[in-house]
Amino acid sequence: MPPPPITTTGPNKPLHARLLRSGALFDDPSAAAPLAASAANSSLPYAISLLQAHPTTFSYNTTIRSLAHGPRPHLAVALYRSMLLNPLSNPNNYTYPPLLAACARLLPAHPPREAAAGTAVHASLFRRGLESRDRFISASMLSFYAAAGDLPAAREVFDRSPPNQRDLALWNSLLHAYLSQGLYTHVLRLFRQMVATDEVTLLAVVSACSHLGALDTGRWAHAYHARTCRNTTRNLGTALLNMYMRCGDVESAWSVFHEMLDKDVRTWSVMIAGLAVNGLPRDALKLFAEMKNIGVDPDSITMTAVLSACSHAGMVDEGKMFLHCMPIEYHLQPTIEHYGCVVDLLGRAGQLEEALALIETVPFKADVALWGALLVACRAHKNVDMGQMAAMEILKLDPHHAGACVFLSNAYAAAGKWDLVQEVRSSMKEHRIYKPPGSSIVELDGVVYEFLSGDHSHPQSDRIYAMLDEVCKTLSLKGHRPSTKEVAFDIDEEDKEVCISQHSEKLALALGLISTRRGAVIRIVKNLRICEDCHSVMKIVSEVYDRVIVVRDRNRFHHFKNGSCSCLDYW
DNA sequence: CTAGGGTTAG
């Protein structure tokens, strides 16, 4: 055995010195392993010199693990490669989980390359016959493929793992894989097949309910947790709070919030953001003041929620004030998202020139979101010239941006520039640029139904369209005329009316009316922003049919009750 | 021989 390295740069010199003095480093070479592992992230050359002196599988494994969780995970992969070259060490089942975790952490920076690295690691462990011998390897492979966005591969790892390895962690990995890919109904379906569950399971389920706006299922998950668990951790509490807020149930959110004894800045931020989008922006700002009073420091996310509250309340001056005092009062540098909130705030309030001026002074390169906020404001306030400019800027950054293409096409159409309209549209066709189709989901008796515009797939489709007809008749008696001005492109007026009368949220509403009684709450979640016509229809229906209608659109909630909306028509 | 996998807002 070579002598232990003498070094003057080791970070754990006292320990090293003690091991040298006692002779432990000579008698027991494995003493080098924890030393190398603890040094790996602060003094890699020192760790490597220890490894060179004691190149055991164990010392490589612990050092790889340490690097995998450190600030430069690619070093874990590099060390693995040098391990392969070292005849005294042989990768085993302890080598791969941290290695795969390191590959997963590298993915955001170089997706294709690191995905290939992870697949190579998979091949390597397969050659060693370790593929289905260890449940930890299965779980980390599953997580790696999930992080790489390769859900079929992740699912295959699960399906191929021997049943005795399908423990709770493996199920949870799969659950979170579906969650990360936005397959929320799959999360719920999978959950129903699970026998054992824990907090991590519930986190995925509750988060899926938040995205779906599936309040009944979310409430059920809450009750299930209350029944099976003694206490609620801060994470799960915050997830439940978020779920109630994202389902538009502000009261339940408050009650979870009050029950939580150990709130952290996330808990407060979720609450503030939830109030902001549920038509209670002033309560959001009050809560922000309370949070500061009890000594919780806001973070960047909190400030986004605060700016969103200002935006929904139309509080332009307060919003600008918060943005400008962030560095001084909260020691937070505004990010491009914060500037985006203020562009949105100014834009909604119709101060388009100032919004544009802000974009031009932002200390970052303006991104699609920033110009997008301005574009939406230009559309709402009918400033075609500035809107065209914003759309051009967006297309410079993202030539396939559907919203910008549609805006330009409509602007050219309105100006009678048909050749330009044709140009935009054929380019859209050529590049297969579509606006995502509008879809709405409504949960009735714990079952989630999804509708697309003009959808006939529901088994009760005939009744739904009959109901829709009845609603239309009632509305015209009330003097409602369809407002078609937001419809894209220049299809003729009658087609426009048919088109908007079958918007997905109207179909969801019709099913809700069929399935509930007077006084009930109908909750609809829409993937895009609600259009003006649907908004006024919802208002009238809430009064005539005596229902509370809660619509979550892409940006906020609309609580319709007795003929008016919580947004006070400012959205 | 030692050690290891699942979760954390928009």
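Only heavy atoms go into these numbers, but all of them, side chains included; no hydrogens, no water, no symmetry mates. Naming: A, B, ... by sequence-line order, numbering from 1 per chain. Here the structure is a predicted model, which is why all the values come from computation and not from measurement.
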To the nearest Å, how far apart are [X] [atom1] and [N] [atom2]?
{"X": "Leu203(A)", "N": "dT8(B)", "atom1": "CG", "atom2": "C1'", "value": "7 Å"}
{"X": "Met141(A)", "N": "dG5(B)", "atom1": "CE", "atom2": "C1'", "value": "11 Å"}
{"X": "Leu240(A)", "N": "dT7(B)", "atom1": "CG", "atom2": "P", "value": "18 Å"}
{"X": "Leu168(A)", "N": "dG5(B)", "atom1": "CG", "atom2": "P", "value": "15 Å"}
{"X": "Met271(A)", "N": "dA9(B)", "atom1": "CE", "atom2": "P", "value": "19 Å"}

Consider the side chain of [X], meaning its heavy atoms from C-beta on, and name the nucleotide among [options] that approaches it most closely.
{"X": "Ser269(A)", "options": "dG10(B), dA9(B), dT8(B)", "answer": "dA9(B)"}
{"X": "Asn235(A)", "options": "dG5(B), dT8(B), dA9(B)", "answer": "dT8(B)"}
{"X": "Asn242(A)", "options": "dA3(B), dG5(B), dA9(B)", "answer": "dA9(B)"}
{"X": "Val270(A)", "options": "dG10(B), dA3(B), dA9(B)", "answer": "dA9(B)"}
{"X": "Tyr94(A)", "options": "dT8(B), dA3(B), dG5(B)", "answer": "dA3(B)"}

Is the phosphate of dG10(B) approached by Asn555(A) (side-chain N or O, under 4.0 Å from OP1 or OP2)? no
Any side-chain N or O of Arg246(A) less than 4.0 Å from the OP1 or OP2 oxygen of dA9(B)? no
Pair Tyr96(A) + Phe126(A): ring centers closer than 6.0 Å: no
Of residues 60-85 of chain A, the positions that come close to DNA chain B - non-hydrogen atoms, cut-off under 4.0 Å: Asn61(A), Arg65(A), His69(A)
Who are the side-chain contact (heavy atoms from CB on, under 4.5 Å) partners of Leu88(A), not counting sequence neighbours? Pro55(A), Asn86(A)
Can you name the residues that form a side-chain contact (heavy atoms from CB on, under 4.5 Å) with Asn92(A), not counting sequence neighbours?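 Per chain and number, Asn92(A) pairs via side-chain contact (heavy atoms from CB on, under 4.5 Å) with Thr57(A), Asn61(A), Tyr94(A), Thr95(A).
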If you look at every strand shown and take non-hydrogen atoms under 4.0 Å, does [X] touch a base, only sugar-phosphate, or nothing?
{"X": "Leu170(A)", "result": "base"}
{"X": "Arg554(A)", "result": "nothing"}
{"X": "Asp299(A)", "result": "base"}

Contact check, side chains of Ile294(A) and Trp268(A), non-hydrogen atoms, under 4.5 Å: yes
Counting distance alone, no hydrogens or angles: does the base of dG5(B) have a donor or acceptor under 3.5 Å from a partner atom on the side chain of Asp134(A)?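 Side chain to base: no pair below 3.5 Å.
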How would you list, by chain and number, every residue that makes a salt bridge (charged side-chain N to carboxylate O under 4.0 Å, His left out) with [X], sequence neighbours excluded?
{"X": "Asp262(A)", "result": "none"}
{"X": "Lys286(A)", "result": "Asp283(A)"}
{"X": "Arg348(A)", "result": "Asp344(A)"}

